[in-house]
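Remarks on the structure that follows.
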Amino acid sequence: MAFVEIPPGTHGTASLLGGRFRLDERISLDEQVSGPCGSSWEARGLSLWKATDSLLGRPVTIYLLPRGIPVPRSVVEAVQSAAKVTDARIAKVYDTDFNPQCPYVVTEWTPGTHLEDLLLSGLPAPALAAAMIADAADATAVAHRAGRPHLRLTPRALRWHPGSGLRITGFGLDAALCGPLDPGVANPMAADTMALARMLYALLTGYWPGHEPPGAGSTGLPPAPRYKGQVCTPRQVRAGVPAALDAITYRALQGLAADAPLRAQTPAGLAMALSMVQRPSRQLDLPEPDEATEAPGISGISGFTPIRPARRARHARGRAGHGLSTLLRPA
């Protein structure tokens with residue numbers, strides 16, 4: 001195991017960071033932060049670690065920042081605002097030290113499988129996909145109300161664990177360190193909503209609707225099929241997607257204005273629209289009413305749609321995936 005020399009003095013001994021945290025295993029930034037970093041932080045020494053809090057005896061995640069340079073104010077502010085977000089679905093910020101000798105940020109360790117690896121084994125039922133992204137969108141809305149957008153939401157920032165459900169990592173911090181995914185988008189709500197819509201599309205179809213798959217094409221999902229330059233809707237790619245869910249996903253992806261209850265241009269609006277799909281109502285104005293199918297109840301979902309052999313080959317990543325049938329089994 002590679003280990004980082006920790007300067008003694010104000011940060012404790014050479015074996016414990018801050019006199020408290022033991023670095024156990026270095027984690028590739030690609031495991032948590034999809035796509036290339038938009039800054040030189042990684043080249044200058046940014047690293048990610050699984051560590052142990054020796055005081056409380058629990059695993060934690062540590063961002064070990066480059067030594068010898070002042071921590072930018074944007075990073076400090078991102079960490080401070082992220083620490084104010086209190087939601088069980090969002091990885092918490094536990095501790096920080098911005099001493100230039102060895103600056104670091106300690107966050108909650110989030111076990112489980114990120115959505116990108118989850119999709120290697122198959123596709124969840126459409127109602128389960130809607131429930132997962134509705135949960136993520138609702139948590140994102142909580143963070144936005146606290147003044148902290150994510151700005152780097154990718155399938156690697158969302159993790160699923162059979163015991164704790166869906167968790168989101170890197171709120172504010174990943175974007176502050178590596179830059180936002182869409183720097184040209186001025187509206188943080190629009191950026192996070194678009195990211196959530198892309199992940200919903202991926203869960204429904206197994207394809208990525210952006211111009212580039214997550215992970216800069218090296219470890220991501222295959223690009224979504226297109227017709228006349230436009231991404232095909234989920235319903236055109238996969239049979240059995242309810243018409244309402246198809247409409248919400250497509251409108252959110254396109255950033256189109258929509259009449260309530262299909263308005264999904266903010267995380268809160270997307271969460272509300274998806275919750276209505278899970279619990280269909282006569283108030284829901286569905287396109288193509290003759291073809292609409294009622295989504296099954298979330299509590300009754302136990303299976304998944306396997307990826308066909310031809311598509312499985314395109315999804316191969318060189319490491320074992322985790323079957324949804326195992327991941328969705330009650331703890």
Side-chain angles (χ1 to χ4, degrees), residues 24-25 27-28 30-34 48 50-53 56-61 85-92 94 107-140 142-143 150 153-171 195-196 198-206 214 219-221 238 240 245 271 274-275 277-279 295-307 312 315-331:
D24 297 322
E25 179 185 358
I27 307 167
S28 169
D30 287 341
E31 283 296 308
Q32 182 156 319
V33 184
S34 295
L48 191 65
K50 180 180 181 181
T52 298
D53 182 339
L56 297 179
R58 63 184 177 187
V60 295
T61 301
V85 180
T86 55
D87 190 285
R89 298 161 295 188
I90 296 175
K92 300 176 180 64
Y94 285 148
T107 68
E108 182 180 3
W109 173 254
T110 51
T113 305
H114 56 63
L115 292 195
E116 190 175 311
D117 272 352
L118 198 65
L119 283 166
L120 295 179
S121 296
L123 302 178
L128 180 55
M132 293 171 77
I133 298 303
D135 211 25
D138 187 60
T140 302
V142 171
H150 194 292
L153 276 171
T154 72
R156 305 236 184 130
L158 270 64
R159 289 184 172 269
W160 174 266
H161 187 271
S164 56
L166 197 71
R167 309 295 294 278
I168 307 177
T169 63
F171 250 98
L196 290 164
R198 287 173 176 169
M199 285 185 278
L200 175 59
Y201 187 100
L203 286 170
L204 290 173
T205 67
T219 59
L221 302 170
R238 178 188 180 187
L245 184 53
L274 291 176
S275 69
V277 172
Q278 297 167 46
R279 293 178 284 275
I298 300 304
S299 60
I301 295 175
S302 60
F304 66 100
T305 303
I307 298 176
R312 188 180 299 276
H315 281 62
R317 289 267 304 278
R319 61 176 184 268
H322 301 274
L324 281 174
S325 57
T326 299
L327 289 166
L328 300 183
R329 187 183 306 130

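Values below: every heavy atom of this structure, side chains too, minus hydrogens, waters and symmetry copies.
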Output for pair (His114 NE2, Thr169 OG1), nearest 0.5 Å, gives 9.5 Å

Rounding to 0.5 Å, atoms CZ (Arg167) and CG (Leu158) come to a distance of 11.5 Å

What one should report as the nearest heavy-atom pair of Ile168 and His150 is CG2-CD2, 3.9 Å

When rounded to the nearest 0.5 Å, the distance separating OG1 of Thr61 from OH of Tyr94 is 9.5 Å

Sorted by chain and number, sequence neighbours left out, side-chain contact (heavy atoms from CB on, under 4.5 Å) with Ala129 holds for Pro124, Leu200, Leu203, Leu204

Could you check if a side-chain atom of Leu166 sits within less than 4.5 angstrom of a side-chain atom of Leu115, using non-hydrogen atoms only? yes

Fill in: Any donor-acceptor N/O pair, Arg156 side chain to Asp117 backbone, under 3.5 Å
no

Between the CZ atom in Arg238 and the OG1 atom in Thr205, the distance rounded to the nearest 0.5 Å is 8.5 Å

Handout entry: Phe171 vs Val85 side-chain heavy atoms within contact, under 4.5 Å
Key = no

With sequence neighbours left out, the residues meeting side-chain contact (heavy atoms from CB on, under 4.5 Å) with Asp138 are Arg89, Ala271

To the nearest 0.5 Å, atom CD1 of Ile133 lies from atom CG of Leu274 at 8.0 Å

Smallest heavy-atom separation, Ile90 atom then Ala139 atom, equals CD1-O, 3.5 Å

When Thr110, Leu118, Thr113 are each screened for side-chain contact (heavy atoms from CB on, under 4.5 Å) with Arg159, the one that passes is Thr110

Next on the checklist: As a quick check of understanding, evaluate side chain to side chain contact (heavy atoms under 4.5 Å, CB included) for Met132 and Asp135, giving each step before the final call.
Outcome noted: CA-CA 5 Å; Met132 293 171 77; Asp135 211 25; 5.9 Å; no

The salt bridge (charged side-chain N to carboxylate O under 4.0 Å, His left out) partners of Asp53 (sequence neighbours excluded) come to Arg20, Arg58

